[in-house]
Amino acid sequence: MHHNVTEHMQMMEKISLQVAALQSSANAILIIDLEGRIDWVNAAFESMTGYSSEEALQKTLSLLEPVSIRTPIGEMIQLCRQSGNLSKGESELLRKSGESFMARKSITPIQSTLGWISHFILTIENTTEQRRAQAQMRYLAEHDQLTNLWNRKSFIAWLEEAIARQSAANGRIAVLFLDLDRFKDTNDTLGHLVGDRMLLEIAQRLKANLQTPDTLARFGGDEFVMFIENVPDQESIDFAVNRILQSFVRPIEVEGRAIFVSASVGVTVFPQDGKTAEDLLRNADLAMYRAKAEGRRGYRFYDQLLEAEIQERVSIQNDLSRAIATKDLWVAFQPQIDLRTNQVIGGESLLRWKTGMQRQIPIGKVIAIAEESGLILSIGEWVIRESIVQLQSWQKRGLPMKVSVNLSAVQFNQQDVFGIVMSLLRNSDIAPSALKVEISETVLLNRSTRVRETLHALHGAGIGLVLDDFGTGYSSLSYLQEFPIEAVKIDTSFLKGIGSNGNDEAIVRGIIKLAHSLGQRVVAEGVETQQQLDFLRDFECDAAQGFLFGHPAVAAELDQRMVLQAAPKASAASA
């Protein structure tokens with residue numbers, strides 16, 4: 001008798017432990033009879049559903065299921081009853097408040113001592129947060145985190161689906177690859193926070209100008225890509241691209257600053273420019289780079305000739321990298337003449353490349369590739385060094401020469417130009433006033449604090465600043481007042497009209513008069529005829545350079561000319 005009591009107590013203790021385990025589970029647990037009525041619930045059921053155990057007992061499971069859907073729990077019970085095995089599923093359930101939640105459910109049959117199924121255990125796990133986290137992870141994997149546009153992977157998937165649709169319908173797709181012009185310079189100058197705000201604004205404008213904004217993606221950096229399905233003809237594509245470019249007409253307002261941004265777009269058309277998403281994107285990218293090479297602020301359609309052009313640019317870039325190491329680059333000096341004395345007063349340093357007779361590459365193209373690739377940073381510093389070395393040689397020989405060096409916007413935006421120039425000058429004992437720095441209006445375009453401070457520092461050190469290609473850019477007159485410009489160079493395009501074009505003559509006269517009124521010197525470049533020279537002298541232009549006085553040459557040729565100039569003075573002194 002005592003033995004039976006002990007066994008009974010042990011069994012009761014075991015059952016109590018099992019009930020306690022069920023009660024402490026984080027998942028809702030229910031015991032259901034064969035009719036689908038609830039016989040028992042744990043505490044987690046009450047907190048998960050909002051129903052008390054008294055409210056749930058003897059109710060059917062329809063208590064938890066939306067009226068608008070079928071009864072998946074009932075179906076799971078039937079399946080479990082027929083097979084005698086565990087049944088699983090996931091569906092939407094309702095709390096007492098009417099709020100829905102996603103639940104993962106499992107139903108297990110309970111067999112009686114006689115071997116038949118008497119009840120079921122239903123376990124409910126709330127998967128709402130888990131699903132939300134999975135959805136968030138999926139969203140992050142598919143979208144650009146800054147702009148919330150599609151990323152590259154997602155865009156390619158959407159484009160492949162569009163290709164399949166249009167292949168079946170014999171339709172066409174236009175793919176547009178858009179890259180902002182000189183955005184890296186703006187980003188480096190104004191900071192990444194401002195750059196990010198600009199990208200967000202641009203993304204919103206592009207979406208507003210697309211009829212189907214879901215086809216827009218950001219590939220990273222300043223690259224945006226989009227496609228347009230079922231385009232009937234090129235005129236429709238032109239219209240769509242111009243609509244996109246309208247996004248950049250208005251300046252972007254950031255922290256009280258109006259920033260003008262432009263873009264270059266490359267366009268490919270399925271199926272003639274590519275049969276796959278990767279081919280279309282690659283070719284659109286090539287077309288975009290061609291649009292940049294042609295002056296930016298526009299678009300270019302892909303054609304097969306672009307392949308050869310791009311390959312040539314890559315080849316030039318690779319050869320240029322080697323030329324720096326093998327010292328195949330050299331500096332030519334174009335003489336600059338004082339128009340009052342007719343004496344050589346200095347020269348402009350010009351980059352030259354020993355490429356051989358089989359490959360003559362325009363130096364403007366070389367410099368453009370150097371700027372795009374970043375090679376201009378090392379090349380530009382080397383040109384400054386070579387120019388100072390030559391100045392030092394002339395100074396030791398008593399030749400009073402001054403040299404102008406050209407610096408690009410890339411150098412100002414990515415290098416410590418002032419630090420580099422002053423370090424090279426200190427190492428050479430050359431007076432800063434012997435060096436002139438020539439800049440284009442591109443350097444001044446953003447009016448950044450960095451550029452402004454650099455220019456004022458150079459000017460303060462005694463280095464003269466010369467504004468090159470004056471009159472060919474934007475807001476030229478304001479630059480003369482805002483920045484410490486010592487001299488302006490009249491662009492050669494205006495000189496070509498002297499003697500035949502009254503407008504060009506008026507522009508040249510106006511530039512000379514304006515610069516002189518502001519205390520600045522004027523240098524005319526590209527002088528090729530005596531008529532041009534006489535005109536410039538008549539209107540008191542200060543200096544000139546061009547083929548009339550001599551082609552760019554090695555320093556030794558200028559040496560000879562300077563020696564001849566100095567000879568009469570030396571003779572007079574000895575007499």
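When a residue number appears, it is its place in the shown sequence, counting from 1.
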Asks: Treating E386 as the side-chain partner and V383 as the backbone partner, does any N or O pair qualify as donor plus acceptor under 3.5 Å?
Replies: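 Such a contact is absent between E386 side chain and V383 backbone.
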Asks: After noting the C-alpha distance and the side-chain angles of S315 and N318, does the key distance pass the side chain to side chain donor-acceptor pair (under 3.5 Å) rule?
Replies: CA-CA 5 Å; S315 174; N318 292 336; over 6 Å; no
Asks: With side-chain contact (heavy atoms from CB on, under 4.5 Å) as the test, would you mind laying out the steps for I163 and I173 before giving the verdict?
Replies: CA-CA 8 Å; I163 288 171; I173 304 170; 4.0 Å; yes
Asks: Quick check against the 3.5 Å criterion: does T326 have a side-chain atom that pairs as donor or acceptor with the backbone of R322?
Replies: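 Side chain of T326 to backbone of R322: a pair is present.
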Asks: Are the charged groups of R165 and E160 less than 4.0 angstrom apart, N to O?
Replies: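 E160 and R165: not salt-bridged.
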Asks: Spell out, as yes or no, whether a donor-acceptor pair under 3.5 Å connects the side chain of T268 to the backbone of N283.
Replies: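 No, T268 side chain to N283 backbone: no donor-acceptor pair under 3.5 Å.
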Asks: Does CD in Q272 sit with more than 12 non-hydrogen atoms of other residues, nucleotides or ligands closer than 6.0 Å?
Replies: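 Enclosed.
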Asks: Are any of the side-chain nitrogens in R313 or E372 under 4.0 Å away from the carboxylate oxygens of its partner?
Replies: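 Salt bridge present between R313 and E372.
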Asks: Do the side chains of K105 and E90 get close enough for a salt bridge, i.e. N-O under 4.0 angstrom?
Replies: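 No, this pair does not count.
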Asks: Among all residues two or more places apart in sequence or in another chain, which pass the side-chain hydrogen bond (donor to acceptor under 3.5 Å, both in side chains) test with R290?
Replies: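 For R290, the residues satisfying side-chain hydrogen bond (donor to acceptor under 3.5 Å, both in side chains) (neighbours in sequence not counted) are E294, E309.
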Asks: Any salt bridge linking R385 with E381? Criterion: basic side-chain nitrogen under 4.0 Å from a carboxylate oxygen.
Replies: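 Between E381 and R385 there is a salt bridge, with a charged N closer than 4.0 Å to a carboxylate O.
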Asks: Which residue pairs pass the salt bridge (charged side-chain N to carboxylate O under 4.0 Å, His left out) test with at least one member in residues 261-283, sequence neighbours excluded?
Replies: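 Listed by first then second residue: R282-E307.
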Asks: Does S47 use its side chain to pair, donor to acceptor, with the backbone of A44 at less than 3.5 Å?
Replies: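 Looks like yes, one N/O pair under 3.5 Å.
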Asks: Indicate the ring-plane relationship of W150 and H143, choosing parallel, tilted or perpendicular according to the 30° and 60° boundaries.
Replies: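 Geometry flag for H143 against W150: parallel rings.
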Asks: Is the backbone of A409 close enough, under 3.5 Å, to the side chain of N413 for a donor and an acceptor to pair up by distance?
Replies: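 The answer is yes, because a donor-acceptor pair under 3.5 Å joins these two groups.
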Asks: So does K292 pair up with D181, basic N to acidic O under 4.0 Å?
Replies: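 Answer for the salt bridge query: yes.
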Asks: Applying side-chain hydrogen bond (donor to acceptor under 3.5 Å, both in side chains), which residue pairs with at least one partner in residues 243-253 are found, sequence neighbours left out?
Replies: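 The answer is N209-S247.
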Asks: Thinking salt bridges, do R218 and E223 make one under a 4.0 Å N-O criterion?
Replies: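 Looking at R218 and E223, the cut-off is not met.
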Asks: For the ring pair F155 and F227, is the centre-to-centre distance below 6.0 Å?
Replies: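 Between F227 and F155, which both carry aromatic rings, the centre distance is below 6.0 Å.
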Asks: Inspect the contact between E201 and R205 and indicate whether a charged nitrogen and a carboxylate oxygen are less than 4.0 angstrom apart.
Replies: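 Yes.
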Asks: Might you confirm whether atom NZ of K153 has over 12 heavy atoms from other residues, nucleotides or ligands at distances under 6.0 Å?
Replies: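 At most 12 heavy atoms, drawn from other residues, nucleotides or ligands, come within 6.0 Å of this atom.
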Asks: Using a 6.0 Å cut-off, check whether atom OH of Y139 has over 12 heavy atoms from anything other than its own residue.
Replies: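 Counting neighbours around OH of Y139, more than 12 heavy atoms of other residues, nucleotides or ligands fall under 6.0 Å, so yes.
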